[in-house]
Each structure stands twice: as C-alpha cells, then as structure tokens.
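Side chains are part of it too, since the values below use all heavy atoms of this structure and drop only hydrogens, waters and symmetry mates.
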Amino acid sequence: MLPHVHRVTKYDPADRDQRGHYTGAESEISDHGPVEAAYLMAVAAFAEDTGIDQLTVREPEISGFAHFGLEPPVGGHGLAGLFPDDLAGFHDGASVSIEVGLELVRAMLRDSGAWCRLEVDGAFSVHVGWDQYVYIGSNQPCGAALARTRSLGLFPERLDTSPYDFVPDEPHVQRPADADFWARLRWVVSSCRATFLEETYVANASRWHRLTRDNIETVRAGWQSGRTCSSRSTRSCPRCPTRARWRSSGRT
C-alpha cells in the first residue's frame, strides 16, 4: 500500500452534501477538452514528482457485450494507435511509457471501453473510477504535483486508500504455464486427443488455440514472446486476469 494516496477530481468539495455526494453542476463525462487535459497534466505531474518514466499495465479489461459507460463505446476500445489491433500489447505486465499511460488514462476518462491500473510496484499507481474520479498513489509526498493540480483547477483530496484497490475475491490455486504445464499439454496432444487451449489474455477477451503435435511448440513460443506475466492458471491469479486452460475431447 502506498503512503500517499489522493483522489483527484474536477468536483469542488464545497459542493458536496453531508454524505459526500457531489451536488454541483459539473458533468460526469469528459469534456474532451481543457478539463480532460488538466487531468492528464495532473497525472503527469505526480509521475514526475515520483521520478518515474515507465508504467506497468495491471488487470486490463475491455468492454464485454454490455457497455455501462456514460459515453458511447468507440471502436478499438480507445486503444487505437497504442497497441496492435489484436490487443497483443495490452496485457497484464506490459510496460508502457508515461506518454502511452496518459493516453490510457484519457481512454478511461472517456469510458472508451478499456480499463486498467497503471503502476510502478512500490512507488506509483493511477487508475480511474466512475464519474471522472482519478486515484493517484505515490511513495513520495508530491508537494509540487499537488500545487500543480490545484493550479489546473482540479481538487486533490487525501485518502487512506483507493476504494478501487485490488482485493483478491477468493483463495485459489495459481497454476503458472511453466515447463511442467507445457509438458502435460504435450503428453495430452501426443495421446492423439483433440486439444484446445483457451487463453484469456485480458478481461472480457480470449482466444482458442487448436493444438497439434506440429504446432504446440509454435504456440508456446508465441505465448512466451507475447506476454510478460508468468501467471497462466485455470483461475485468474491475484494480480493478473490472464489465464489458460485446455480442453480435450478424447477423440483424434
């Protein structure tokens, strides 16, 4: 848990009722203009104060069949130009520059369909909640960033923790796709069973690989080169939605 956590919003605390609910006139959606730009400059200021220039993508998601954002969904989930069209670069553990990280924050502010946490382990975190609430954590007090945020017309409020901090839903056995995982898969395939490997590489998206004796090593090599997260389990691991499982029909 980071020692300095702030909720950064465009909502003046003076316009909140006794329960903390905002009662002012600010819209709950992005203006796609100066206010949105102020949010991004504030995030950049906190990153600079913390002394980081790279971020790690955690718990990435894209829209499923239902879209609950206040703005209409956009093609590519707001990731166009940031990652390949097949989302191969948008996965848990992906390293991105501050510039790309800010564009991800923009996509989240616009409810474009993609969501993730952006972190530097033990040093920095930023994620977006509902209604333009941005949560920023740092291992530094970030006095200059707080002053910059206020000068931009935004309101940083100190919190003990973000309400969106990750909490594992239930205990489970984590099963990495290590050498033993692939050895067991190779045995299944060599036993002349029709085998399919499901890869859930980002929440709400998955792909299937039909495994044969001829292609299993190619699939494994592509998996390792395209992902940096080591967790490949039959259940989502505590930090990563990426998972894998196989199904065998018992037929040749």
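- Among all heavy-atom pairs drawn from A107 and G78, the shortest one is CB-O, 3.8 Å.
- Residues V8 and F46 have side chains in contact (heavy-atom distance under 4.5 Å, counting atoms from C-beta outward).
- Of all non-hydrogen atoms in A179 and R220, the two that sit nearest each other are CA-NH2, 3.9 Å.
- By the 4.5 Å heavy-atom criterion applied to side chains, V134 and T9 are not counted as neighbours.
- Residue pairs that meet the ring pair (Phe, Tyr, Trp, His ring centres under 6.0 Å) test with at least one member in residues 11-45, sequence neighbours left out, are Y11-Y22, Y11-Y133.
- Within the 4.5 Å cutoff, the side chain of D49 has no heavy atoms near those of the S138 side chain.
- Between K10 and Q132 there is a side-chain heavy-atom pair separated by less than 4.5 Å.
- At a threshold of 4.5 Å between non-hydrogen side-chain atoms, the residues R150 and P156 count as touching.
- Residues D92 and P60 have side chains in contact (heavy-atom distance under 4.5 Å, counting atoms from C-beta outward).
- Distance check, rounded to the nearest 0.5 Å: CG of L146 to CG of L154 gives 11.5 Å.
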Query - Pair V57-V96, side-chain contact (heavy atoms from CB on, under 4.5 Å): steps then yes or no - result: CA-CA 7 Å; V57 173; V96 299; 4.1 Å; yes
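- If you take CD on E157 and OG1 on T149, they are separated by 12.0 Å, rounding to the nearest 0.5 Å.
- Formation of a donor-acceptor pair under 3.5 Å by the R213 side chain with backbone atoms of S190 is found in this model.
- Its side chain within the 4.5 Å cluster rule, M41 clusters with L152 among the Ile, Leu, Val, Met, Phe, Trp and Tyr residues.
- Using a distance-only test at 3.5 Å, with no hydrogens or angles considered, a donor-acceptor pair links the side chain of D17 to the main chain of G20.
- The number of heavy atoms from other shown groups lying within 6.0 Å of CD (E36) is above 12.
- Note on residues 134-161: pairs passing ring pair (Phe, Tyr, Trp, His ring centres under 6.0 Å), not counting sequence neighbours, are H127-Y135, Y135-Y164.
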